[in-house]
Amino acid sequence: MSTPTKTELPAKYVPAEHEPAVSARWDAAGAFKADPARVLSGETKPYSIIIPPPNVTAALHLGHALNNTLQDVLIRYHRMKGFETLWMPGTDHAGIATQTVVEKRVLAEEGKKRTDFERDEFIAKIQAFKDEYEERITDQLKAMGCSCDWGRQRFTMDEICAKAVREAFFRLFKDGLIYRGKRLVNWDPVTQTALADDEVENEEIEGIFAYLRYPLVHEAKPGDHSPVTWSELAAKGYPGAEKFPEDDQAFVTVATTRPETYLGDTAVAVNPTDPRAGALKGLRAELPLVGRVIPIIEDSYVVLPVALGGDENDAKAKMATGFLKVTPAHDPNDWEIGQRHELPVINVMAPDASISADHGWDDYDPHHGAHVFVGLSRENARQKVLDEFKARGLLEAVKPHVHSVGHSYRSHAAIEPYLSDQWYVKVTDDRLRAAALRAMTEDQRTSQLMLPRESNEHDGKLRFYPDRYAKTFEQWHENLRDWCISRQLWWGHRIPVWSVAWDEYNIPKEQEDQHVLNYEVWIAEGRISFGGPPTGSESKLDRCYVCIGDPKDAEVIAEFEKYGFTQDPDVLDTWFSSALWPMSTMGWPDADKTDDQFDGLLGAFNPSSVLTTAREIITLWVSRMVMFNRYLLAGETDGQLPFPDVFIHAMIQDGEGRKMSKSLGNGVDPLDIIESHGTDAMRYTLCEMTTQTQDVRMPVEKDPETGKNTSPKFDKGRNFCTKLYNAANGFVIRMLSEHTGGEPASVAPGDLSVIDRWMLSRLARATKAIDEATGQYQFSVYAQQLFDVLRADYCDWYLEGVKPTMKTAPAQRVVIQQVLETILRLLHPVTPFITEVLAKPVRELRVGAVEGVTLPDGRDPSLLCTSGWPGVSETLIDEDAEARFERMQNLVDAIRKVRAQHKVPPRRQITLHADPDMVASLSGLGQVTETLAGLDAITTSAPEGEAVPFDFDGVELKLSNLADEVDADTERERLQQQLKDLNGSIGALEKRLSNPGYTDKAPAHLVEETRKKLEQQQAEREAVNKRLGELG
RNA sequence: GGGCGAGUAGCUCAGUUGGCUAGAGCGCCCGCCUUACAAGCGGUAGGUCCGGGGUUCGAGUCCCCGCUUGCCCA
């Protein structure tokens, strides 16, 4: 009962001839559209993945190809399994990265800087760039076969996401979780903007280490101080004080690479274990020329010099004096020390990094002499400080010193740690941090801090794959610092806060009542919220801040702007909107009252099923999604997670273990691979590479013809696909079309021959292994299983083995077809295109079923991607058939080996002489052995002419008719090699068995096995020796 | 400085409670255009499992020390 019209396919598989057409079929069928109604009605279970949105800054690279292939494998697998699947696609605006790229482009093309444009004008340029790259990225994802729900594609700055950002910001602001504070940022003094940490490049520079002396003083009261003498210190037991003239003023020597920052010093620190520390208690240092008197504090951060017990292997200890100048405004470590000791923070620089008294240097007094530095650049001031100290006898030494300094990747200027006002999310608050820690599954926790509570059903559900990444997540949260979310950029979500300096917030008397009334109403209505300092902080804000929930709320804005309020010019860190991605893409905060596109999505698909990403994202993104999802989707207690599973995949490096990068020119473009090898080949290879390790290497080669980078690793995937196509189209489809008739509608395994039962058994095992591997995110195991079952089992053994019988065995033809159709389905998530191409013609061959093999129609059987996942019952696992078939495989291998050694021409048929048991056993396999080993007969009769004996399972078999005359030398050589191998093996076995420890302690079955094996090999050796004797 | 990996054949990698003479793909070499497939088929060679200790009857696998190398965080 064959279908009337058969699908014809070309003889050779050229991916580019099929992939676009297959994509078009998927699109036309709306195959990837998710329907939340089916979930909400309870009809199906949801499976969803939120794409980690690629930056619109650049086209996708191989890491994206890997990341998205793995997601697609999961999505397609679950879709076939019958889940309602949603894979939400989208892109990220990537604030600074994108703005920078566009700035470079505009400078190159128009010779203009960003500041030559109005803000809106420049943003329009970035927007145009974004549109271009978003399209490109979308095309790439489609070319990769990603089965996203394309009708729901999002962008982190589109309207619904912007609304989510405003809502989240407003709520956090209102709840006191967003505050204004000071912090050191990476400041680029040339372009005058803050930079993210990853935009700072560390470079080794040849700098100096300067040793400066700070005179010590007593301070009776502020402004009244007197020198400390060495004799005083000696009296207090200060080691070494006696070496100095008694009446001279004592000093401490600090060592620094940046002498000019001494202008902002607010303390000198000494290690509490330093033997000099005790004598210095209560004393102070006076900064030369500046006149500032600063305390001497104790802090264990200070490195002890080697002479005082410091670590000899520590380079710092060799250079250190044991005294550290503390400049909280100009060094991140000093900032930390300043926080610990509540030191004043004195900024001595202007935004261009020149020395200035106008940006926080409040105790500046030109009469002391520091005026000589004001206005100098950092570099000139550095030299001037050295000169002035030298002139006063306070410069102890200057040594050359190579050290690492952060530079702007844009201007290449040295980064200045610069104090500025920024917005922060108080992620250290229990409502955020604890919620993230409690989210972790308990068996992945290593500390007892904030464990899941029994009372919260959403606690303890977050699991990392592989396990070890849980530790990264845990430690990050335990050492968390508040999150700086403001960026001095134009491209991004503008911070919805308006402010005015207190002393400018003047409301005319007659308007005061109305104004106060207005904002009380607005607060009650949730339209505005006033900000304060961080909870528990004593500091006062210098401005009045109001967050306006809706930036289009003209009434409110007009009112505040009337009193001088202006909107914050900064934008939010990109990760703020990314943190909302699992919610915003599904329509939050208006999930159920906007258009159909979002209706029910949040309820049906949040939490999503898994997040698939790279490990550097655990801290930047995963943490923040967990905190925001739990906080914003919560009632009184912590709410649900954005996803229960986090899968972290490997990073692809080049063949030398280097990161792939543009500057090294070692990147591989996925589109080039798709062009040269086909998408399926790329996907297969990427899956196979995805083991549980951190990094995988991909040797990169430049194609001499195209000049494009490629890698030989993809050949395996391409060859695999070719094999599949040749087997399916070239053999199975052709043969089963030509030979039909009499197929049973249902085939019972018991009625089948050994080779069929073996094949079904192998298929059952592979299916089981694949299901298990997928549940554990073991993509490499999945790919390996596919390779083994298709190539090794189905093509190399099964199809070769059934050749002589298939034409006359209708039931066997059913097995051939059913197994192929099952394999196509198993393969589909990894290699979707070629399997979709083959699915129709293979399905058209279906004439019967095998009991235990189910091939469900799924949602829509006209496409493989919406067909059901195959079920292969474990009852098909047949140990007996496997044992018999494997024995035959070993025999065929042994015969092939003899053939090769005797150089028997491939086509020459030879004769196997065996004992009756063996012959009987082989005859149960049909003609399989003869076909695979190239035999004309298997017989119990003795060879007539010359024959070559060989050993198999301890039994001597013979092969005859190898050649017109057997070459004795070849045979002797073969036997001698065999003897050598046997001697080695027998020696090892004897040694093991003569060890009483082994026979007494090892499991009995292992000892027994070893004995049997020894006996068998000894028998083989005897036979080989005998044969060698006969040869003479 | 803290954390996490990796080191097994020329290359890329498997090796799951410790147990056959350590495997695969590619590459090398040999033989084959055998009627699905030369992007293929059959076969050979190739390994002190980074080094050193330890536990064990038995270690690529577990423990300790070291070397090399990569990534993340500070």
Side-chain angles (χ1 to χ4, degrees), chain A residues 11-13 197 314 316 332-333 336 466 468-469 471-472 474-476 479 481 614-620 648 650-651 653 655-659 677-678 681 685 688-689 691-699 711-735 772 776 778 780-781 784 787-788 791-792 795-796 799-800 803 892-893 895-901 903-909 931-934 977 981-982 984-989 991-1003 1005-1007 1009-1010 1012-1013 1017:
Chain A
K12 191 173 149 78
Y13 186 71
D197 291 344
D314 183 351
K316 276 187 191 164
N333 292 315
E336 295 290 328
R468 61 177 178 276
Y469 293 111
K471 200 169 177 182
T472 307
E474 183 179 53
Q475 289 182 347
W476 162 260
N479 301 311
R481 296 194 306 173
R615 64 182 174 282
E616 69 266 22
I617 301 301
I618 296 171
T619 53
L620 288 172
I648 304 293
M651 201 191 77
Q653 303 171 332
E656 275 87 58
R658 299 174 304 182
K659 222 171 182 167
H677 289 73
T685 300
E688 206 199 22
M689 289 173 75
T691 56
Q692 307 288 304
T693 52
Q694 290 197 139
D695 311 309
V696 288
R697 287 184 182 194
M698 171 160 293
S711 172
K713 291 211 76 165
F714 294 108
D715 292 351
K716 186 175 183 188
R718 180 195 56 191
N719 297 353
F720 179 74
C721 291
T722 303
K723 188 74 180 174
L724 170 66
Y725 191 80
N726 287 334
N729 185 51
F731 185 76
V732 175
I733 293 175
R734 187 166 60 77
M735 294 299 275
E772 284 168 3
Q776 295 296 309
Q778 293 173 345
S780 180
V781 173
Q784 280 296 337
F787 191 87
D788 289 346
R791 286 204 66 146
C795 293
D796 291 354
L799 291 185
E800 294 297 337
K803 277 177 181 174
V892 170
D893 281 343
I895 296 171
R896 282 174 176 171
K897 203 166 171 172
V898 173
R899 289 183 67 117
Q901 279 161 338
K903 298 190 162 49
V904 177
R907 289 211 212 157
R908 186 177 181 115
Q909 302 261 305
T931 310
L932 296 170
Q977 180 59 43
D981 291 347
L982 281 168
S985 174
I986 287 168
L989 293 173
K991 192 179 159 200
R992 190 181 308 163
L993 284 168
S994 66
N995 181 349
Y998 178 69
T999 45
D1000 293 352
K1001 294 187 183 175
H1005 73 274
L1006 277 176
V1007 178
E1009 245 175 63
T1010 310
K1012 265 171 95 176
K1013 186 157 191 169
Q1017 297 199 344

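- In this entry U12(B) has A24(B) as its Watson-Crick or G-U wobble partner, both defining distances falling under 3.5 Å.
- The P atoms of C11(B) and C72(B) are separated by 25 Å, rounded to the nearest whole Å.
- Between the side chain of Q692(A) and the base of A14(B) there is no donor-acceptor pair of N/O atoms closer than 3.5 Å.
- Taking atom CD on E336(A) and atom C1' on G1(B), their separation rounds to 14 Å, with Å as the unit.
- Rounding to the nearest 0.5 angstrom, the gap separating the OG atom in S711(A) from the CE atom in M698(A) is 4.5 Å.
- In the set A36(B), A74(B), G19(B), A74(B) carries the atom at the smallest distance from any side-chain atom of R481(A).
- For C32(B), the paired base is G40(B) (Watson-Crick or G-U wobble, both distances below 3.5 Å).
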Given the rule in the side chain to side chain donor-acceptor pair (under 3.5 Å) test, do Q1017(A) and S985(A) qualify, once you have shown the distances and angles that lead to the verdict? CA-CA 8 Å; Q1017(A) 297 199 344; S985(A) 174; 2.6 Å; yes

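- Using atom P as the reference point in both A74(B) and G66(B), the two lie 27 Å apart (nearest Å).
- If you take OG1 on T472(A) and CD1 on I617(A), they are separated by 13.0 Å, rounding to the nearest 0.5 Å.
- For the pair L724(A) CG and A39(B) P, the computed distance is 17 Å after rounding to whole Å.
- Atom NZ of K803(A) and atom P of U34(B) are 12 Å apart (whole Å).
- Atom CD in Q475(A) sits about 8 Å away from atom C1' in G2(B), given to the nearest Å.
- Distance, Y998(A) OH to G58(B) P: 12 Å, rounded to whole Å.
- The CD-P distance, from Q901(A) to G42(B), rounds to 17 Å in whole Å.
- Under the Watson-Crick and G-U wobble criteria, each requiring two contacts below 3.5 Å, nucleotide G70(B) is paired to C4(B).
- F787(A) and F720(A) have parallel rings, their planes meeting at less than 30° on a 0 to 90° scale where 60° marks the start of perpendicular.
- For the pair N719(A) CG and U12(B) P, the computed distance is 19 Å after rounding to whole Å.
- Side-chain to base pairing of Q1017(A) with U21(B): one donor and one acceptor N or O lie within less than 3.5 Å of each other.
- When each of U12(B), C32(B), A36(B) is scored by its nearest atom to the side-chain atoms of P699(A), the top-ranked nucleotide is U12(B).
- Checking L989(A) against R697(A), the closest nucleotide of RNA chain B that is more toward the 5' end is the one next to R697(A).
- Rounded to whole Å, atom P of A74(B) lies 9 Å from atom CG of L620(A).
- Proximity note for R791(A) (side chain, C-beta onward) versus G43(B), G40(B), G3(B): the nearest is G40(B).
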Worked check of side chain to side chain donor-acceptor pair (under 3.5 Å) between Q778(A) and Q692(A): CA-CA 8 Å; Q778(A) 293 173 345; Q692(A) 307 288 304; 5.4 Å; no

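- When each of R718(A) and E800(A) is assigned the nucleotide of RNA chain B bearing its nearest heavy atom, the one mapping closer to the 5' terminus is E800(A).
- For the pair T472(A) and C72(B), the criterion of a side-chain N or O lying under 4.0 Å from OP1 or OP2 is not met.
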